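Notes for the one structure printed next.
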2 protein chains.
Amino acid sequence: MGEWAKEVKAKLREENYRLTEQREIICDVFVRHPNRHLTAEEIRNAALEQKHLGLATVYRTLAILEDIGLVKRIDIGDGTSRYEYVGADSSPHCHLICLRCGGLRGIHWPATEDVEALLRIEGFDIKDHSLIFYGYCPDCTEFIAHDGSETHRGGDEDAKG
Amino acid sequence: MGEWAKEVKAKLREENYRLTEQREIICDVFVRHPNRHLTAEEIRNAALEQKHLGLATVYRTLAILEDIGLVKRIDIGDGTSRYEYVGADSSPHCHLICLRCGGLRGIHWPATEDVEALLRIEGFDIKDHSLIFYGYCPDCTEFIAHDGSETHRGGDEDAKG
DNA sequence: CTTAATGCAAATTATTTGCACAAGC
DNA sequence: GCTTGTGCAAATAATTTGCATTAAG
């Protein structure tokens, strides 16, 4: 268990989640596979080296880690979600997906530059892209300003239906 | 049937697909709901006003329309794919998804500018983003240059396992 | 000890597929 | 008429959920 453990423990505590062995193991899998985008199944298989984990536990843990911002889910369109550990250094980045081999690679995203040009330099022949921003629309921004609930277990928000 | 029909017919012909009534109806649904991001089910329901369609047909048609570039699929992470008609004016754009109300909106993307700044002006409070580029990695670019198969029904490529 | 987490198996849900029939070209 | 497309129902496959048991704080 390396440095990451501190971050995970702190975050989990902060949000009233317990630090269980399986959660540690799953985080460990991410650390052992840096810069990788793993499916739930892959994470479970990697975890099996240390302990048997139920797939449901993996999904539940991933949901929590995503919720507290340590993990990010990425959908490349093949019907299976992938997860990457972002942890402390969540520097903005984007993904390159090869339409032929399915290869997935993350690169740093210089927000104010011409990204496509940058990628052309890296030899990636771009055919298409998808840019999605998540946030709050004007109406909801106001709503939240008045409500102010940011916790996951306290304010009983049930939006997004 | 408006102007869009020409585009669809031409594209379908071009790729050796037949122009069926249900394909016309589905395209019509997109035209009747401009700038919307519809699920397969929503498309089917809207189509029902004109004719009963099997959901499988909707999915198959969407796959074709996506293949020939008239329709784009967008995954906002709720487990259901949405589809938008891009047709002739496939100007680059990105999507805003509200984390609270789930609202989804497309806006034009000025590739060489600071997109986040632009959005802040529009009053959208960005918390996160996802930028994915689809294309060919250096290796596959070479491979394709030699192989040259771009058709969907001729070269029997079966890559992307 | 009290409450939250796990594991299993069953349930759910979006999407795909096989096959007989109908329709496009 | 030959071949592709459609509809239905059954099959897949990823993810979720109920519930009894176990472990964290």
Side-chain angles (χ1 to χ4, degrees), chain A residues 5 8-27 37-45 47-48 50-68 71 73-83 151-154 160-161, chain B residues 1 5 8-27 37-45 47-48 50-68 71 73-83 151-154 158 160-161:
Chain A
V8 173
K9 281 183 187 170
K11 275 281 191 181
L12 287 175
R13 274 282 174 55
E14 202 175 292
E15 307 274 345
N16 284 318
Y17 289 120
R18 292 179 180 175
L19 179 61
T20 65
E21 197 188 348
Q22 18 286 83
R23 285 173 187 172
E24 286 196 49
I25 290 173
I26 289 171
C27 288
H37 309 76
L38 307 165
T39 65
E41 188 95 43
E42 287 168 346
I43 291 167
R44 193 255 205 114
N45 288 338
L48 285 183
Q50 300 181 52
K51 188 181 204 284
H52 179 96
L53 288 195
L55 197 47
T57 299
V58 175
Y59 277 110
R60 279 186 282 229
T61 298
L62 287 171
I64 290 174
L65 293 177
E66 191 187 3
D67 180 49
I68 64 183
V71 156
R73 185 176 59 194
I74 170 178
D75 253 307
I76 68 173
D78 67 345
T80 311
S81 298
R82 275 141 228 278
Y83 302 82
T151 53
H152 75 91
R153 199 179 295 192
K160 174 134 193 171
Chain B
M1 260 154 284
V8 174
K9 281 184 187 169
K11 274 281 192 182
L12 288 176
R13 275 281 173 56
E14 203 175 291
E15 307 273 346
N16 284 321
Y17 289 120
R18 292 179 178 174
L19 179 62
T20 66
E21 196 188 348
Q22 16 290 81
R23 286 174 188 173
E24 286 196 49
I25 290 173
I26 289 171
C27 287
H37 309 76
L38 307 166
T39 66
E41 188 96 41
E42 287 167 345
I43 292 167
R44 192 255 207 114
N45 288 338
L48 285 182
Q50 300 180 51
K51 188 180 203 284
H52 180 94
L53 288 195
L55 198 48
T57 298
V58 175
Y59 277 109
R60 280 186 282 229
T61 298
L62 288 171
I64 290 174
L65 293 176
E66 191 186 5
D67 180 50
I68 64 183
V71 155
R73 185 176 59 194
I74 171 179
D75 254 307
I76 67 173
D78 67 345
T80 311
S81 298
R82 275 141 227 278
Y83 301 83
T151 53
H152 74 92
R153 200 180 294 195
D158 196 20
K160 174 140 193 167

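Within every chain, numbering begins at 1; the chains are lettered A, B, ... in the order of the sequence lines, protein sequences first and strands thereafter. Note that the coordinates shown come from a computational prediction; the quantities given were computed from them, not determined experimentally. Reckoned from all heavy atoms, side chains included, excluding hydrogens, waters and symmetry mates.
- Both A/Arg60 and B/Asp75 lie close to DNA chain C; mapped to their nearest nucleotides by heavy-atom distance, the more 5′-ward contact belongs to A/Arg60.
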>> Please determine whether side-chain contact (heavy atoms from CB on, under 4.5 Å) holds for the pair B/Arg82 and B/Arg73, giving the CA-CA distance in whole Å, both sets of side-chain angles, and the decisive distance to 0.1 Å.
In response: CA-CA 6 Å; B/Arg82 275 141 227 278; B/Arg73 185 176 59 194; over 6 Å; no
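- A straight line from OH of B/Tyr59 to C1' of D/dC8 spans 16 Å, rounded to a whole angstrom.
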> What do the steps show when you test B/Glu41 against B/Leu55 for side-chain contact (heavy atoms from CB on, under 4.5 Å), and what is the final call?
Replying inline: CA-CA 7 Å; B/Glu41 188 96 41; B/Leu55 198 48; 4.2 Å; yes
>> Could you walk me through whether B/Leu38 and B/Tyr83 satisfy the side-chain contact (heavy atoms from CB on, under 4.5 Å) test, starting with their C-alpha distance in whole Å, then the side-chain angles of each, then the deciding distance to 0.1 Å, before giving a yes or no?
In response: CA-CA 5 Å; B/Leu38 307 166; B/Tyr83 301 83; 5.7 Å; no
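- The nearest whole Å value for the distance from the CG atom in A/Asp78 to the C1' atom in D/dA13 is 12 Å.
- Between A/Ser81 and A/Thr39 the shortest side-chain heavy-atom distance does not fall below 4.5 Å.
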>> Using the rule given for side-chain contact (heavy atoms from CB on, under 4.5 Å), can you reason through B/Leu53 versus B/Ile26, listing the C-alpha separation, both sets of side-chain angles and the distance that settles it, and then say yes or no?
In response: CA-CA 9 Å; B/Leu53 288 195; B/Ile26 289 171; 3.7 Å; yes
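- C/dA14 atom P lies 15 Å from atom CZ of B/Arg73, rounded to whole Å.
- Closest-nucleotide positions on DNA chain C for B/Ser81 and A/Val58 were compared, and the one nearer the 5' end corresponds to A/Val58.
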Quick one: which protein N/O atoms are closer than 3.5 Å to N/O atoms of nucleotides 21-25 of chain C? Pair and distance per line, please.
from   : atom 1 : to      : atom 2 : distance (Å)
C/dG24 : N2     : B/Arg18 : NH2    : 3.0
C/dG24 : N3     : B/Arg18 : NH1    : 3.2
C/dC25 : OP1    : B/Leu19 : N      : 3.0

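- Remark: C1' of C/dT6 and CG of A/Leu62 are 15 Å apart, rounded to the nearest angstrom.
- Among the protein residues, B/Thr39 comes within range of no part of the nucleic acid, since none of its heavy atoms lies under 4.0 Å from any strand.
- What separates CG of A/Leu53 from C1' of D/dT22 is a distance of 15 Å, to the nearest Å.
- For the pair A/Glu42/A/Asn45, no side-chain contact is recorded, criterion being any heavy-atom separation below 4.5 Å from C-beta on.
- To the nearest angstrom, P of D/dA13 lies 11 Å from CD of A/Glu41.
- Using a 4.0 Å cut-off, no side-chain N or O of A/His52 falls inside it from OP1 or OP2 of C/dT6.
- OP1 or OP2 of D/dG5 sits under 4.0 Å from a side-chain N or O of B/Arg23.
- Residue B/Thr80 places no side-chain N or O under 4.0 Å from the OP1 or OP2 atom of C/dT13.
- Across its full length, the helix from C/dC1-D/dG25 to C/dC25-D/dG1 shows an angle of 50° between the axes of its 5 terminal pairs at either end, rounded to 10 degrees.
- In plain terms, the two heavy atoms of B/Leu12 and B/Arg18 that are nearest each other are CD1-O, 4.0 Å.
- Protein atom CG of A/Leu55 is 18 Å distant from nucleotide atom P of C/dA11, rounded to whole Å.
- Nucleotide C/dA5 holds its P atom 14 Å from the CD atom of A/Glu24, rounded to whole Å.
- Closest approach of B/Ala40 and B/Val58 over heavy atoms only: O-CG1, 3.7 Å.
- Put simply, the side chain of A/Ile76 does not reach to within 4.5 Å of the side chain of B/Asp75, judged on heavy atoms.
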